[in-house]
Peer 1: 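Handing you this structure, nothing more for now.
It should be emphasised that the depicted structure is a prediction, and the values quoted were computed from it without experimental measurement.
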Amino acid sequence: MPAILLLNGPNLNLLGTREPATYGSTTLADVEVRSRATAERLGHTLEAFQSNHEGALIDAIHAAGKRFKAGELLGVVFNPGAYTHTSVALHDAIAGVAPLPVIEVHISNVHAREAFRHHSYVSPAAAGIVVGFGVAGYDLAIEGLVRKTAKA
Ligand code: CA2
């Protein structure tokens, strides 16, 4: 069974250590453990990568595209953090490896926050979007990815 890649962008390594009112008190390590359990329950392995660097995230998406082509990867669950609202380069990276399915996740409801969080450069290239369910959104995104890619 192909693997699922869980990708997290800038500052998400701080999850569970600050701003609990917005992001909760679960750490990124906890999220990765829970996501792995969800993926395995659905018959997939999970690989996790976090970076604070835009180029490293782009490289990870390019590598995921190659592995998707080789049949080794089902898709990507991606929280691009603040790069969501700034990065044409991430948009182009995801569009450039189509049809690799990328599910965009946001822990908080970005639409209920500051106006600068309302626009996403990633969303037009994403296969699906999960917003505002707290860290449970990662599990919902894994489930959505598996359902979306299920062979009839
Ligand atoms: O709601 C989300 O998941 C976000 O992608 C999180 C980003 C934010 O810039 C987006 O607008 C929405 C911020 C990630 C920073 O995470 C932290 C977690 C704990 C403490 C400090 C930062």
Peer 1: Taking Thr17 for the side chain and Leu14 for the main chain, is one N or O donor matched with an acceptor at less than 3.5 Å?
Peer 2: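 Between the backbone of Leu14 and the side chain of Thr17 there is a qualifying donor-acceptor contact (under 3.5 Å).
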Peer 1: Arg36 and Glu47: salt bridge (Lys or Arg N to Asp or Glu O under 4.0 Å), yes or no, with the steps?
Peer 2: CA-CA 8 Å; Arg36 182 160 291 114; Glu47 298 167 15; over 6 Å; no
Peer 1: Quick one: does Asn79's side chain have a donor or acceptor within less than 3.5 Å of a partner on Asn8's backbone?
Peer 2: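 Here the side-chain-to-backbone pair does not exist.
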Peer 1: Are Leu140 and Leu145 connected in the hydrophobic side-chain network, where two residues link if heavy atoms are under 4.5 Å apart?
Peer 2: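 Per the 4.5 Å side-chain linkage, Leu140 and Leu145 are co-clustered.
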Peer 1: If you link ILVMFWY side chains whenever their heavy atoms are less than 4.5 Å apart, which other residues fall into the same cluster as Ile129? By chain and number, please.
Peer 2: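 Taking Ile, Leu, Val, Met, Phe, Trp and Tyr as members, Ile129 shares its hydrophobic cluster with Val110, Val131.
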Peer 1: For residues Lys148 and Ala127, report the shortest heavy-atom separation together with the two atoms involved.
Peer 2: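 Where Lys148 meets Ala127 most closely, the heavy atoms are CE-O, 3.1 Å.
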Peer 1: If hydrophobic clusters are built by linking Ile, Leu, Val, Met, Phe, Trp and Tyr wherever their side-chain heavy atoms come under 4.5 Å apart, do Leu100 and Leu5 end up in the same one?
Peer 2: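 Same cluster.
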Peer 1: Taking all non-hydrogen atoms of both residues, which atom of Val102 and which atom of Phe78 are closest, and how far apart?
Peer 2: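 What the structure gives for the nearest pair is CG1-CB, 3.9 Å.
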Peer 1: Between Glu143 and Arg41, does at least one N-O distance fall below 4.0 Å, as a salt bridge requires?
Peer 2: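 Salt bridge: yes.
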Peer 1: Assigning hydrophobic clusters by single linkage (Ile, Leu, Val, Met, Phe, Trp, Tyr; side-chain heavy-atom cutoff under 4.5 Å), is Val31 placed with Ile4?
Peer 2: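 In one cluster with Val31: Ile4, yes.
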Peer 1: Establish, from distance only, whether the side-chain atoms of Glu54 and Asn52 form a donor-acceptor pair under 3.5 Å.
Peer 2: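 No, Asn52 and Glu54 have no side-chain donor paired with an acceptor closer than 3.5 Å.
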Peer 1: Parallel under 30°, tilted from 30 to 60°, perpendicular over 60°: which one fits the rings of His85 and Phe116?
Peer 2: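 Perpendicular: the ring planes of His85 and Phe116 meet at over 60°.
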Peer 1: Under 3.5 Å, is there a donor on one side chain and an acceptor on the other for Glu104 and Thr84?
Peer 2: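 Side chains of Glu104 and Thr84: no pair found under 3.5 Å.
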Peer 1: Evaluate His119 against Tyr121 for ring-ring contact (aromatic ring centres under 6.0 Å, His included), listing each step before the verdict.
Peer 2: CA-CA 7 Å; His119 177 263; Tyr121 283 100; 4.6 Å; yes
Peer 1: At their closest point, which heavy atom of His44 faces which heavy atom of Pro2, and how far apart are they?
Peer 2: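 Of all heavy-atom pairs spanning His44 and Pro2, the closest is ND1-O, 2.6 Å.
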Peer 1: Restricting to non-hydrogen atoms, name the atom on Leu12 and the atom on Gln50 that form the minimum distance, rounded to 0.1 Å.
Peer 2: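 The answer is N-NE2, 4.1 Å.
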